[in-house]
K.L.:
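Just dropping this structure here.
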Amino acid sequence: MVETGVARGISSRIILTAMQRNDCGRLASIDLYSGPDARIAVPKALRDRWTYLAGSSRTHLPNVLLRSEPAMFIHDSQHTLRNMRFELKTAWAALKNGGVLIADDIHENVAFAELQRATCSPVVIGQEQVKARLFGITTKRAP
């Protein structure tokens, strides 16, 4: 599994806890944020399945994806059109058939909609209850 955007690491912790309970999987995370509370939510006991890469997704994502065929990709980093287009397109190309792509804050621009139109993939769009922001989920089907 690959994710972009970690911040304090709350999502990373949830993912790593599930992987530990299932005794399966690895998570590669990429994030620009390096403040004092970066990754603070991820305890040392969960870090054996985790590769954390500090820096931009443009630098790290292609290399991470060359070494894996992820079953899941989560975009939660910078939500500019340019960045989301890059991350979603790059991750989609490497995602295994049947894999899941999740993108947060899809209301910020058209990148997720463009991916769905280009791939004709099934989509679920949800809304966070507290912030009323939109997220999208899609699955890659075999060509």
K.L.:
Would you please test Asp76 and Ser11 for side-chain hydrogen bond (donor to acceptor under 3.5 Å, both in side chains) and show each step?
P.N.:
CA-CA 10 Å; Asp76 194 13; Ser11 297; 5.2 Å; no
K.L.:
Does CG in Leu81 sit with more than 12 non-hydrogen atoms of other residues, nucleotides or ligands closer than 6.0 Å?
P.N.:
yes
K.L.:
What are the two closest non-hydrogen atoms of Met84 and Ala111, and how far apart are they?
P.N.:
CB-CB, 3.6 Å
K.L.:
Check Leu101 against Ala91 and note the closest heavy-atom contact, atom names and distance.
P.N.:
CD1-CB, 4.4 Å
K.L.:
Any pair with a residue in residues 91-104 that passes side-chain hydrogen bond (donor to acceptor under 3.5 Å, both in side chains), sequence neighbours left out, goes on the list, sorted by first then second residue, please.
P.N.:
none
K.L.:
In this structure, would Leu88 and Phe86 fall into the same cluster of hydrophobic residues linked by side-chain contacts under 4.5 Å?
P.N.:
yes
K.L.:
Treat each ILVMFWY residue as a node, draw an edge where side-chain heavy atoms are under 4.5 Å apart, and state whether Ile137 and Leu134 are in one component.
P.N.:
no
K.L.:
According to a hydrophobic-cluster definition based on side-chain heavy atoms being under 4.5 Å apart (Ile, Leu, Val, Met, Phe, Trp, Tyr only), do Val2 and Ile15 belong together?
P.N.:
no
K.L.:
Enter the distance from Gln127:CD to Ile106:CD1 here, rounded to the nearest 0.5 Å.
P.N.:
10.5 Å
K.L.:
Lys140 and Phe73: side chain to side chain contact (heavy atoms under 4.5 Å, CB included), yes or no, with the steps?
P.N.:
CA-CA 11 Å; Lys140 185 173 183 178; Phe73 173 78; over 6 Å; no
K.L.:
Hey, does Pro70 have a side-chain heavy atom less than 4.5 Å from the side chain of Met1?
P.N.:
no
K.L.:
Give a yes or no on whether the backbone of Tyr33 and the side-chain of Asp31 come within a donor-acceptor separation of less than 3.5 Å.
P.N.:
yes
K.L.:
Do you know the tightest heavy-atom contact between Ser121 and Arg141?
P.N.:
C-NH2, 4.4 Å
K.L.:
So which atom in Ser12 and which in Val42 form the shortest heavy-atom distance, rounded to 0.1 Å?
P.N.:
CB-CG2, 3.8 Å
K.L.:
I'd like to know if Leu61 and Phe112 are part of one continuous hydrophobic network [Ile/Leu/Val/Met/Phe/Trp/Tyr, side-chain heavy atoms within less than 4.5 Å].
P.N.:
yes
K.L.:
Take Thr138 and Gln116 through the test side-chain hydrogen bond (donor to acceptor under 3.5 Å, both in side chains) and record every step on the way to the result.
P.N.:
CA-CA 8 Å; Thr138 187; Gln116 192 281 324; over 6 Å; no
K.L.:
Please check if Val6 and Leu27 belong to a single hydrophobic cluster, counting links between Ile, Leu, Val, Met, Phe, Trp and Tyr side chain heavy atoms closer than 4.5 Å.
P.N.:
yes
K.L.:
Provide the closest heavy-atom pair for Ser57 versus Pro62 in the form atom of the first, atom of the second, distance.
P.N.:
O-CD, 3.5 Å
K.L.:
With side chain to side chain contact (heavy atoms under 4.5 Å, CB included) as the test, would you mind laying out the steps for Asn109 and Thr80 before giving the verdict?
P.N.:
CA-CA 7 Å; Asn109 61 63; Thr80 64; 5.5 Å; no
K.L.:
Step by step, work out the side-chain hydrogen bond (donor to acceptor under 3.5 Å, both in side chains) result for Arg26 and Thr51.
P.N.:
CA-CA 8 Å; Arg26 292 203 46 82; Thr51 301; 3.1 Å; yes
K.L.:
Quick test of your reading: applying salt bridge (Lys or Arg N to Asp or Glu O under 4.0 Å), list the pairs with at least one residue in residues 41-59, sequence neighbours left out, ordered by first then second residue.
P.N.:
Asp23-Arg49
K.L.:
For the side chain of Asp37 and the backbone of Arg8, is there at least one donor-acceptor N/O pair under 3.5 Å apart?
P.N.:
no
K.L.:
How long is the straight-line distance from CG of Leu32 back to OG of Ser77, given to the nearest 0.5 Å?
P.N.:
7.5 Å
K.L.:
With side chains defined as the heavy atoms from C-beta onward, is the minimum distance between Thr4 and Gln78 less than 4.5 Å?
P.N.:
no
K.L.:
Pairs in or reaching into residues 116-138: which pass salt bridge (Lys or Arg N to Asp or Glu O under 4.0 Å), with residues at least two apart or in two chains?
P.N.:
Asp105-Arg133, Glu108-Arg133
K.L.:
Start with the C-alpha distance between Asn83 and His75, add both sets of side-chain angles, then the distance that settles side chain to side chain contact (heavy atoms under 4.5 Å, CB included), and finish with yes or no.
P.N.:
CA-CA 10 Å; Asn83 190 61; His75 161 83; 4.0 Å; yes
K.L.:
From Gln20 CD over to Arg13 CZ, what is the distance, rounded to the nearest 0.5 angstrom?
P.N.:
10.5 Å
K.L.:
Once rounded to the nearest 0.5 Å, what's the spacing between atom CD of Glu3 and atom CD of Glu87?
P.N.:
11.0 Å
